[in-house]
Amino acid sequence: MGVKIKEILPFREVELDHFHGREIAIDAMNTLYQFLSTIRQYDGTPLKDSEGRVTSHLSGLFYRTSNLVEIGIKPLFVFDGEPPKLKSKTIENRRQIRAEAEKARKKALEKGKKEEARKYAQRSASLSSEMIGQSKTLLSAMGIPWVQAPGEGEAQASRIIQNGDAWGTGSQDFDSLLYGSPVLVRNLTITGKRKLPGKDKYKQISPEVFEIEKIFEKHDIDRKKLIAIGILVGTDYNEGIKGIGPNKALKRVKEDGDIEEIIESADKVDVMEVDPLEIEKLFLEPDVTDDYSIKWAPPNPEEIKRFLCEKHDFSESRVETGIERLEKGVGERAQESLEKWT
DNA sequence: CACAAATA
DNA sequence: TATTTGTGG
């Protein structure tokens, strides 16, 4: 779930077309997981093709990306590689939560409690390697670049931004800020409406832009101190310290400094289950590569239709409008590169 | 979540 | 045109 530090991070809400002409390195796993868990029917059943293969992730990926491209955004997707060893505990925890949710889902369904079944279905959702492969195939047919990270996708995405090859990272999680991404975009969605947890109320959702410099400025901290805040409240690599949320962590960091200085100032931190300096290093020097290429291309309509319509039973007319949007985006990009020379 | 038809 | 509702695969 990433680091829970939202409440101390300044951000601004913008319109979707604020990102016109900008390249955004999207955390593929984060996005696909969201599609897989939310694109479901009332009882929690995901979308499936006639052979019973789940297609929720493909639906979300295709339609949303088409829309982003149409309005002139240049998305690229970054896929996770091997997680650091320190993440294994978190991975095992998540696996267990999913397994238990799956049991609860079946139970709720037997009792005819569809809404409850849906809740557990969302919680039990997990991406298979097949789904990831399908997503890469689809993106390639759409002319959308994707990058295979050696390690964490968010770390690789951040590296791409730091290299100047894209404008910002796209994810619901804040980890990329700790990995050094100067800009993070959340809620990069089309509809702008989301169901509030629990009630049947809907609230307007807008894209949010987080700028690392604004965060540093507001709290008078630096990247190492931001990482220290993360370590204190908990990351994918450690549980954090009980009773310390973002506000207390910020206070501590302002008093003591980065994680090394916090350790030296003793008290409390010794309850940490792993070496905090090791975690800091995972954020400061993550496993990333500069061996990637990012190129947007026109979509291949035949390939897209063969894959989505013939293989996975998508509606031909819907897919065609998606393709038209992608083609409109090609025009946007041509316009953009033309303007650079004027 | 996003699409598209129905409805206001 | 803007919002709601049922469906997509």
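These numbers come from a predicted model, not from an experiment. Convention: sequence-line order gives letters A, B, ...; per-chain numbering from 1.
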- Message: Is the distance between the ring centroids of A:Phe283 and A:Tyr237 under 6.0 Å?
- Response: yes
- Query: Any side-chain N or O of A:Asn67 under 4.0 Å from OP1/OP2 of B:dC3?
  - Reply: yes
- Query: To the nearest angstrom, how far is A:Arg186 atom CZ from B:dC1 atom C1'?
  - Reply: 16 Å
- Task: Nearest whole angstrom, please: distance from the P of B:dA2 to the CG of A:Leu188.
- Result: 9 Å
- Out of B:dC3, B:dC1, C:dG9, which nucleotide sits closest to the side chain of A:Arg325? B:dC3
- Query: What pairs meet the salt bridge (charged side-chain N to carboxylate O under 4.0 Å, His left out) rule with one or both residues in residues 154-183 of chain A, with sequence neighbours excluded?
  - Reply: A:Arg159-A:Asp290
- Message: As a test of reading the structure: which of C:dG9, B:dC3, C:dG8 is closest to the side chain of A:Ile39, going by heavy atoms?
- Response: C:dG8
- Whole angstrom value for the distance that separates P of B:dC1 from CG of A:Leu58: 18 Å
- Linking I/L/V/M/F/W/Y whenever their side-chain heavy atoms sit closer than 4.5 Å, directly or via other members, would A:Tyr63 and A:Met142 fall into one cluster? yes
- Closest to the A:Thr55 side chain: C:dG9, B:dA4, B:dC1? C:dG9
- Query: Hey, does A:Ser315 reach any base, or is it just sugar-phosphate, or nothing, if we go heavy atoms under 4.0 Å?
  - Reply: sugar-phosphate
- Item | salt_bridge(A:Lys305, A:Glu320) N-O dist < 4.0 Å | yes
- A:Arg40 has an atom CZ; how far is it from atom P of C:dG9, in whole Å? 17 Å
- Would you indicate, yes or no, if B:dC1 has its OP1 or OP2 atom less than 4.0 angstrom from a side-chain nitrogen or oxygen of A:Arg64? no
- Message: What is the distance, to the nearest angstrom, from the OH atom on A:Tyr63 to the P atom on B:dA2?
- Response: 12 Å
- Check whether any side-chain N or O of A:Ser59 sits under 4.0 Å from OP1 or OP2 of B:dA2, and answer yes or no. no
- When all nucleic acid strands are considered with a 4.0 Å heavy-atom cut-off, which category describes A:Thr321: base, sugar-phosphate, or nothing? sugar-phosphate
- Set of side chain to side chain donor-acceptor pair (under 3.5 Å) partners for A:Arg186, sequence neighbours left out: A:Glu208
- Message: If you only use heavy atoms from C-beta on, which nucleotide in C:dG8, B:dC3, B:dA2 is closest to the side chain of A:Thr189?
- Response: B:dA2
- For atom CD of A:Gln41 and atom C1' of C:dT5, their distance in whole Å: 16 Å
- Message: Measure OH/A:Tyr42 against P/C:dT7 and give the value in whole Å, please.
- Response: 14 Å
- Message: Using whole Å, what does the distance between atom P of nucleotide B:dC1 and atom CZ of A:Phe62 come to?
- Response: 19 Å
